[in-house]
Amino acid sequence: MNMQISKTPIGLDGIPAAETVLSHVDGERGELIIAGERVGDLARKSSFEGVTARLWSSGTGQPIGEAAVRAALGAARERAFVRLPELLAASRGLSIVDGFRAAIAALRAENGLSHEATIVGALPVIAGALIQRARGAEPVAPDATLGHAADTLAMIHRRKPDSREAAALDAYLVTVCDHGMNASTFATRVVASTHADLFASVTAGYCALTGPLHGGAPEPVLEMLDAIGDRARIKPWIDDALARGERLMGFGHRIYRVRDPRADVLKGAIERLATNGTDLPFAGEVEAYAREALRREKPNRPLDTNVEFFTAILLDALAIPRQAFTPIFAAARAAGWTAHAREQQRGGRLIRPSSAYIGPLPA
Ligand code: ACO
């Protein structure tokens, strides 16, 4: 005998899993607030170190300053570089995305550094080393005197970035550093709620991030733009993809019913960067037609541009290899994951939802 199928909405839509002072997503108004500031304002006036200081301070009663975070992240990058051989040991033969997972899992506490700084400092060092390894090159040592964004680019490109490039990556890191109870933050908090440590919690967060319905979308966005190829093919390509029932990568969101506010922040960062070879007008035409087609094909479901569409274009304009987009996203989101893990450990309860049983009952 089968039990009756439950009418419970599956996927935990709209169910609060925690109280947080870290960030708030208003899907109807298209607004994202991170530690009390709108994301657009933060991206304009704050560095990644500044917003990380806000996240790590929020709700703790022990404020940390931007300079202290800058120093801690610089030290953590240097420490991770020394540990690279052991961090990368289990990642041989794996792709950049999978090798990054193995390396995060190998992180451990460092004397004199908080777990938060150890993790957030290590991630760009690991990403840089995996990118170099894929090119057959040696890793580039970090420079603790540089800002976190500038040093991330230096470890990827083997040269100091110019100020426009560093500012563009910094704007990206700030924009995606935290975003309410998204899937990877939820995964992080579930693990932290068992009082497992931050290393275990963040490893879980990264695993959740890698799927294409979450942080694995930007590489497929570029593949979509490549496949469309030129302006004449925009309409037929998108119409055919939707007719086949495919999802357009970089569109749709569980919470936003209007355009993701981060899309505009990143679009602005791309315009300021204005590198040769970035065909923003072409991407804009793809975006405009995709929105129109989604409105037509899915009239009952508001589907609009999400952050991943312009993430793909920005990271590509910064010449970051597309295979490393998810690790770079993780390097930013780790600021939020670590803050959420601490918040969960401080005041949270074990997260243990229920399931709706639809299997057979014993006779
Ligand atoms: N293209 C076409 N149709 C879509 C898309 C899309 N991008 N997104 C959702 N839909 C459709 C679904 O097919 C479904 O249609 P149906 O009711 O006719 O079957 C309807 O919209 C509802 O879809 P759900 O899966 O219930 O929506 P959900 O809230 O679970 O999806 C998600 C959110 C996963 C982001 C989805 O919009 C998607 O797959 N987008 C493409 C991948 C992507 O851009 N991922 C990055 C997300 S941003 C981030 O995590 C950082």
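It should be emphasised that the depicted structure is a prediction, and the values quoted were computed from it without experimental measurement.
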Close side-chain approach of Leu55 to Cys177, heavy-atom, < 4.5 Å: yes
Residues which pass ring-ring contact (aromatic ring centres under 6.0 Å, His included) with His148, listed by chain and number, not counting sequence neighbours: Phe48
Take Gln132 and Arg158, measure what side-chain contact (heavy atoms from CB on, under 4.5 Å) needs, and give me the verdict at the end. CA-CA 9 Å; Gln132 297 303 343; Arg158 291 192 173 275; 3.5 Å; yes
Verify the cluster assignment for Val258 and Ile255: are they in a single hydrophobic cluster under the rule of side-chain heavy atoms below 4.5 Å apart? no
Nearest-0.5 Å distance that lies between atom CD in Glu308 and atom CD in Glu219: 11.5 Å
Shortest non-hydrogen contact from Ala166 to Ala150? CB-CB, 3.9 Å
Minimal heavy-atom distance between Ala183 and Ala208, with the atoms involved, is O-CB, 4.0 Å
Any side-chain heavy-atom pair of Asp304 and Arg291 under 4.5 Å: yes
Considering all heavy atoms of both residues, which atom of Asp143 and which atom of Thr145 are nearest to each other, and what is their separation? OD1-OG1, 2.5 Å
Beyond-backbone contact of Arg262 with Tyr172, side-chain heavy atoms, under 4.5 angstrom: no
Salt bridge flag under 4.0 Å for residues Glu37 and Lys45: yes
Any chance the side chains of Glu343 and Thr20 put a donor and an acceptor closer than 3.5 Å? yes
Is the backbone N or O of Ile33 less than 3.5 Å from a side-chain atom of Ser23, with the two atoms forming a donor-acceptor pair by type? no
Could you pull out every donor-acceptor pair under 3.5 Å between side chains of residues 318-330 and any protein atom, sequence neighbours left out?
from	atom 1	to	atom 2	distance (Å)
Arg322	NH1	Asp226	OD2	3.0
Arg322	NH2	Asp226	OD2	3.0
Thr326	OG1	Gly215	O	3.1

Would you find more than 12 non-hydrogen atoms of other residues, nucleotides or ligands less than 6.0 Å from Arg38 atom CZ? no
I want to check something: taking the side chain as every heavy atom from C-beta on, are Val120 and Trp56 in contact at a cut-off of under 4.5 Å? yes
Take a 6.0 Å sphere around CZ of Arg296 and say whether it holds more than 12 heavy atoms from other residues, nucleotides or ligands. yes
Looking at OG1 of Thr203 and CZ of Phe100, how far apart are the two atoms once the value is rounded to the nearest 0.5 Å? 10.0 Å
Quick check on the hydrophobic clustering: are Ile131 and Met155 connected, directly or via other members, by side-chain heavy-atom contacts under 4.5 Å? yes
If I take atom CZ from residue Arg352 and atom OG from residue Ser354, how far apart are they, to the nearest 0.5 angstrom? 7.5 Å
Side chain to side chain donor-acceptor pair (under 3.5 Å) for Gln344 and Ser193? Distances and angles first, verdict last. CA-CA 6 Å; Gln344 183 67 35; Ser193 83; 4.6 Å; no
Using a strict cut-off of less than 4.0 Å between a Lys/Arg side-chain nitrogen and an Asp/Glu carboxylate oxygen, indicate whether Asp230 and Arg233 qualify as a salt bridge. no
Please report the C-alpha distance between Arg272 and Arg164 in whole Å, then the side-chain angles of each, then the deciding distance to 0.1 Å, and finally whether the side-chain contact (heavy atoms from CB on, under 4.5 Å) criterion is met. CA-CA 8 Å; Arg272 284 191 296 281; Arg164 278 174 326 126; over 6 Å; no
Between Arg159 and Glu165, does any side-chain N to carboxylate O distance fall below 4.0 Å? yes
Same apolar cluster: Leu146 and Leu73, side chain cutoff 4.5 Å: no
Between Ala76 and Ala117, what is the shortest heavy-atom contact and its length? CB-O, 3.1 Å
Flag for Arg333-Asn182: side-chain donor and acceptor within less than 3.5 Å: yes
Test side chain to side chain contact (heavy atoms under 4.5 Å, CB included) applied to Val174 and Leu169, Thr52, Val51, the passing residue: Val51
Run the ring pair (Phe, Tyr, Trp, His ring centres under 6.0 Å) test on His179 and His24 for me, step by step, so that the C-alpha distance in whole Å, both residues' side-chain angles and the decisive distance to 0.1 Å come before the verdict. CA-CA 7 Å; His179 196 241; His24 173 63; over 10 Å; no
If you measure only the distance, is there a donor-acceptor pair under 3.5 Å linking the side chains of Ser184 and Trp337? yes
Heavy-atom closest contact (Ala90 atom, Ala102 atom, distance): O-CB, 3.8 Å
Less than 4.0 angstrom from a charged side-chain N to a carboxylate O is my criterion; do Arg295 and Glu292 meet it? no
Is any side-chain heavy atom of Leu12 closer than 4.5 Å to one of Phe186? yes
Mind checking the CD1-CG spacing from Ile270 to Asp316? Nearest 0.5 Å is all I need. 9.5 Å
Which heavy atom of Leu107 sits nearest to which heavy atom of Ala122, and what is that distance? CD2-CB, 3.6 Å
Output for pair (Met224 CE, Phe251 CZ), nearest 0.5 Å, gives 5.0 Å
Report the residue from Thr185, Asp178, Thr188 that forms a side-chain hydrogen bond (donor to acceptor under 3.5 Å, both in side chains) with His340. Asp178
Joint hydrophobic cluster, Leu222 plus Leu248, side-chain heavy atoms closer than 4.5 Å: yes
Report the C-alpha separation of Arg247 and Leu242 in whole Å, then their side-chain angles, then the decisive distance to 0.1 Å, and conclude whether the side-chain contact (heavy atoms from CB on, under 4.5 Å) test is met. CA-CA 7 Å; Arg247 290 181 178 217; Leu242 290 177; over 6 Å; no
Give the intermediate values and the outcome of side-chain contact (heavy atoms from CB on, under 4.5 Å) for residues Leu32 and Asp260. CA-CA 9 Å; Leu32 166 60; Asp260 183 333; over 6 Å; no
Atom OG in Ser91, atom CD1 in Ile126: separation rounded to 0.5 Å? 9.0 Å
Between Glu110 and Arg79, is there a salt bridge with N-O shorter than 4.0 Å? yes
Less than 4.5 Å apart, side chain to side chain, heavy atoms only: is that true for Arg254 and Asp13? yes
Given side chains that start at C-beta, do those of Ile234 and Phe282 come closer than 4.5 Å, heavy atoms only? yes
Would Lys267 and Asp264 pass as an ion pair if we require N to O under 4.0 Å? no
Heavy atoms, side chains only, cut-off 4.5 Å: are Met249 and Glu223 in contact? no
Is there a chain of hydrophobic side chains (I, L, V, M, F, W, Y, each step under 4.5 Å between heavy atoms) that links Met181 to Ile15? yes
Any chance you could lay out the salt bridge (Lys or Arg N to Asp or Glu O under 4.0 Å) test for Glu78 and Arg83, step after step, and finish with the verdict? CA-CA 9 Å; Glu78 289 182 328; Arg83 276 207 197 278; over 6 Å; no
With a 3.5 Å distance limit and no angle check, can you tell me whether Thr194 reaches the backbone of Val191 through a side-chain donor-acceptor pair? yes
Apply side chain to side chain donor-acceptor pair (under 3.5 Å) to Glu66 and Ser47, showing your working. CA-CA 9 Å; Glu66 178 173 349; Ser47 64; 2.7 Å; yes
Check whether any side-chain N or O of Asp151 sits under 3.5 Å from a backbone N or O of Pro142 as a donor-acceptor pair, and report yes or no. no
